[in-house]
Number of protein chains: 2
Amino acid sequence: MRSYGQYCALAKALDIVGDRWTLLIARELLLRPCRYSDLQAGLPGIPTNLLAGRLRQLEEDGVVAVDERSRYALTPWGEQLAEPLQALARWGAPLMDEMEDSETFRSEWLDFPVAFIFGGTDPDRPPLTVEIRADESPVTMELARGEVHFRPGAALSPDLVLTGPPAVVVGLLSGRLDQKHAEDLGASVLGDLRPLSGLRRPDWLSGPEASERRTRMKR
Amino acid sequence: MRSYGQYCALAKALDIVGDRWTLLIARELLLRPCRYSDLQAGLPGIPTNLLAGRLRQLEEDGVVAVDERSRYALTPWGEQLAEPLQALARWGAPLMDEMEDSETFRSEWLDFPVAFIFGGTDPDRPPLTVEIRADESPVTMELARGEVHFRPGAALSPDLVLTGPPAVVVGLLSGRLDQKHAEDLGASVLGDLRPLSGLRRPDWLSGPEASERRTRMKR
DNA sequence: CTGCATCCGGGCCGATACTG
DNA sequence: CAGTATCGGCCCGGATGCAG
């Protein structure tokens, strides 16, 4: 990508990761180190030449490192992209209200908005283990000591198991849907939902329609 | 921009703001509401048709609103881009070590990395007012109650006045340069630098060369 | 002068084919 | 499995035009 030519930290960050697909590559590598084919699988639709080119550039810039068996992983600096990516995902979370048929979904992607929604408010709050079954492969979310951890696979002894279509499970996690509505939409809830509500950031919501709604109320 | 077609909060955020120049437009609008020409001035090099197109799209997506005198401003949702932008700027801050001659600079841009570096650690810490003179127009940074505020113009009674080339002033703010080195590089410091050090986030540094440095030390 | 729209050359993007 | 090669098309960048 052509540089913006500005002595500005944001512009310089975008000089590195502002290209199309680049931040999504970082998303995949934040979940786990990846081989080339893993990245292709996690980034449906990416042209192979573009993936190769991005990886070369990211390696040159010190964001990504390749080991001897051509496995790609983030450098320490690259791992620090977790914060901006989670913040961006949180900003985009209000767009998750419904899932289009044309959209692809992987339950690991839930990591990003959810890590922000439930992240770091109170280090003394009670721990909670939630198993999420929104596609073929379950994922487990562990909340403990103010930290959020996602890992693939089912939980050994979950406090809560959420099963259902992705958009409905997201609605439950975000608090947009209550249990009754969610079950009407095809979800099933095993365990008690109430502990979740105390663990959310208070300010997580308010999407693009918020302003519309307000102007509409003015009339 | 073409959609990534993923039911993923990050991908959906990038569907909206992932285009080239878009996040820099948001940066300018976070600093203040802008007229079209203000945006052109704050985004050197942006093609005029592209700016017009981006603004139209951002308005359609509910990120930007235009008033009757064609002044552009962020919607409430758009203002929430402050967090991801500051996080990205913080990620890019290690690239600010030196300024190329070809790069343009505006002191207002310091808001973004600096707001993150000094932001929100302890609400009880002592307030501090710093006047920064790194180009024609001074800016003032106010630290109080764990919040960071930037505003254009000089300070009434600053605790600290930093004057010098942008990269040197950035080095002082970030702590990369001490007073002596900074003065050798053309900066002047009025007041006591020491209070700054206690106000920085402890983990703000470590850029792309960190891993290189470490491997070099291994040899 | 401000606030765009139009036009055009070049490069990046996207899809497919192909190779060690 | 891990990419490279190729090619059409669209987006980006720069210049210019033009209405209020």
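Chain identifiers are assigned alphabetically (A, B, ...) following the order of the sequence lines, protein sequences preceding nucleic acid strands; residue numbering begins at 1 within each chain. Reckoned from all heavy atoms, side chains included, excluding hydrogens, waters and symmetry mates.
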| task | Mind listing the closest non-hydrogen atom pair of A:F150 and A:S107 along with its distance? | result |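 So the two residues come closest at CE2-O, 4.5 Å.
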| field | Heavy-atom pair of closest approach, residues B:C34 and B:E28 | value | SG-O, 3.9 Å
| task | Specify the separation, in whole Å, of atom CG of A:L43 and atom P of D:dG3. | result | 14 Å
| said: Hydrogens and angles aside, do A:Q86 and A:W91 bring a side-chain donor and acceptor to less than 3.5 Å of each other? | reply: no
| query | With B:P47, which residues qualify under side-chain contact (heavy atoms from CB on, under 4.5 Å), at least two apart? | reply |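 In terms of side-chain contact (heavy atoms from CB on, under 4.5 Å), with neighbours along the sequence ignored, B:P47 is linked to B:W21, B:N49, B:L50.
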| message | Restricting to side-chain contact (heavy atoms from CB on, under 4.5 Å), what partner residues turn up for B:T163, sequence neighbours left out? | response |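 Only B:R133, B:V161, B:S188 meet the side-chain contact (heavy atoms from CB on, under 4.5 Å) criterion with B:T163.
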| message | By the ring-ring contact (aromatic ring centres under 6.0 Å, His included) test, which pairs, at least two apart or in different chains, include something from residues 27-67 of chain A? | response | none
| task | With axes from five pairs an end, tell me the bend angle of the helix from C:dC1-D:dG20 to C:dG20-D:dC1, nearest 10°. | result |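 The value is 30°.
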| query | Of the options A:L43, A:L24, A:I46, A:I25, which is the one that meets A:R54 in a side chain to side chain contact (heavy atoms under 4.5 Å, CB included)? | reply |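 Single side chain to side chain contact (heavy atoms under 4.5 Å, CB included) partner of A:R54 among A:L43, A:L24, A:I46, A:I25: A:I25.
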| said: Using side-chain heavy atoms (C-beta onward) and a distance below 4.5 Å, is A:F112 in contact with A:R27? | reply: yes
| Does C:dG3 have OP1 or OP2 sitting under 4.0 Å from an N or O in the side chain of B:S37? |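 Yes.
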Are any protein N/O atoms closer than 3.5 Å to N/O atoms in nucleotides 18-20 of chain D? If there are, list each pair with its distance.
none

| Heavy-atom protein contacts under 4.0 Å, nucleotides 5-20 of chain C, coded B base, S sugar-phosphate only, - none | BBB-----SBBBB---
